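A quick note: this is a predicted structure, and the numbers were derived from the prediction, not measured.
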Amino acid sequence: MAWNDPGRNRNPWGNRPDRGAADLDEALRNLQQKLAGMFGGQGGGGAGGGEGGGGDATMRGFGAGTVVLVLVAIWAATGLYKVDAAERAVVTRFGQYVGTTEPGLRWHLPWPIETRQIVNVESVEGFSDQTRMLTSDENLVDINIAVQYRRAEARAYAFNVRDPESTLGEVSESAIREIVGRSRLDFVLEEGRQEIAARTKELIQRTLDSYETGIEVTSVNLQGVAVPEQVATAQRDAIKAREDKERLALEAQAYANDILPKARGSAARQLEDAQAYKARITADAEGEAERFSKLLAAYERAPGVTRQRLYFETLEQVLGNTNKVLVDTKGAGNMMYLPLDKLMERRTPSLTLDEQRQSAAARAPAQKLQAEAPVETVEARRERGTR
């Protein structure tokens, strides 16, 4: 016979009565009684009266206290926490600062009475930022700056600034703009990177200290410094022109270093020659003056002898420096000329410039006397010879 035969009230799982609705009502009643016992109420209704009612109330009270104690224990356990060696915990009570706990296993009153904020004061973090700015000579430059920092003071980091990392980024950008804005482009691109990084780090730290952010900047590096592509060609031309200028300046300095010592040496030599010439001329003049004074004294003592001696000395000087020799042959009717000057040139060595000047100066008085003396003819000489 089929299980859904209308003649029988049966289900397909066997011959059992249907108690679904009754079990559900009983479960609801039990739940209501437990809740009422937890909150101090009395169970009502049903067949549970008389002596059995007192025992149920006692059991309900014991179960409620246990639940409360368990809940309180769980709530108190939420205040237990651990602080690592590199961390500090900032504890607040209803939002007001209470203290900073050191590393170890710690406990505070659970939320919402007290709260904690864990701050790592040892780890070094960093960020980088690329920006474009103007230099003092009005040139554009792209700079990529990298900043590393750590949270040195937990309380200042947690309370004094709303967003310390964002503040650090803004301060870093402002500082690098200020430092680069006071520097020239060639200084930024070449030898000034380390100095700019050091000055930027100092300015960032000074600004953060004035804000009391609790952040310590450990390093600032310029990872990239370049001119924009739009002006790169002009910048290369400017760099080449500056290099040419430096090269030409070095060449000019080298030329000056070479020519100036030579000029100074030549000037010193000429001065020494002039001093020597002055000393020699002065000594000659003083000697001539002294000789003339002695000659005058001798002339005053014996005028005739002194005059004759001077005449012979003059003729000796004149005839000793002449290149031609005239020979008067006695009893001949003509003069014999010998090219003794050519012979003397072969025997006489070449004179220096000073010797030639002295020889010319010695011949000048004799040549003047010879030019002023009357010309003696051959007949006169013959008559003088016969006499």
Taking C-beta and beyond as the side chain, do [X] and [Y] meet within less than 4.5 Å on heavy atoms?
X: Arg116; Y: Trp111; answer: no
X: Ile196; Y: Ile176; answer: yes
X: Leu168; Y: Val217; answer: yes
X: Thr135; Y: Arg184; answer: no
X: Val171; Y: Leu203; answer: no
X: Glu251; Y: Leu248; answer: yes
X: Tyr149; Y: Leu208; answer: no
X: Leu295; Y: Arg309; answer: yes

Has [X] got a side-chain atom pairing as donor or acceptor with [Y]'s backbone, closer than 3.5 angstrom?
X: Ser210; Y: Thr207; answer: yes
X: Ser174; Y: Glu170; answer: no
X: Gln223; Y: Ala146; answer: no
X: Glu212; Y: Val161; answer: no
X: Asp258; Y: Ala254; answer: no
X: Thr218; Y: Gln148; answer: yes

Between Arg291 and Glu288, is there a salt bridge with N-O shorter than 4.0 Å?
yes
Taking NZ, NE, NH1 and NH2 as the nitrogens, is one of them in Arg247 or Glu243 under 4.0 Å from a carboxylate oxygen of the other?
no
For the atom pair [atom1] ([X]) and [atom2] ([Y]), what is the distance rounded to the nearest 0.5 Å?
X: Asp142; Y: Met133; atom1: CG; atom2: CE; result: 8.5 Å
X: Arg242; Y: Lys240; atom1: CZ; atom2: NZ; result: 12.5 Å
X: Phe292; Y: Leu296; atom1: CZ; atom2: CG; result: 5.5 Å
X: Arg177; Y: Thr131; atom1: CZ; atom2: OG1; result: 3.5 Å
X: Arg280; Y: Asp273; atom1: CZ; atom2: CG; result: 10.5 Å
X: Arg301; Y: Thr306; atom1: CZ; atom2: OG1; result: 8.0 Å

ILVMFWY network linking [X] to [Y], side-chain heavy atoms under 4.5 angstrom:
X: Val220; Y: Val225; result: yes
X: Leu134; Y: Leu185; result: no
X: Tyr277; Y: Leu271; result: no
X: Phe187; Y: Ile143; result: yes
X: Val121; Y: Tyr211; result: yes

Go through Val147 and Thr200 one step at a time and tell me if the side-chain contact (heavy atoms from CB on, under 4.5 Å) criterion holds.
CA-CA 10 Å; Val147 180; Thr200 303; over 6 Å; no
Shortest non-hydrogen contact from [X] toward [Y]:
X: Ser172; Y: Phe127; answer: OG-CZ, 3.7 Å
X: Arg193; Y: Leu222; answer: O-CD1, 3.8 Å
X: Ser136; Y: Arg182; answer: CB-C, 3.9 Å
X: Glu102; Y: Val83; answer: O-CB, 3.6 Å
X: Leu140; Y: Pro228; answer: O-CD, 3.4 Å
X: Glu191; Y: Asp186; answer: OE1-O, 4.1 Å

Heavy atoms from other residues, nucleotides or ligands near CZ of Phe159 exceed 12 (cutoff 6.0 Å)
yes
Would the number of heavy atoms belonging to other residues, nucleotides or ligands and lying under 6.0 Å from CD of Glu313 be above 12?
yes
Check the pair Phe94 / Ile113 against side-chain contact (heavy atoms from CB on, under 4.5 Å), numbers first and verdict last.
CA-CA 6 Å; Phe94 297 113; Ile113 300 176; 4.0 Å; yes
Which residue in the set Glu216, Glu165, Glu87 passes side chain to side chain donor-acceptor pair (under 3.5 Å) when paired with Arg151?
Glu165
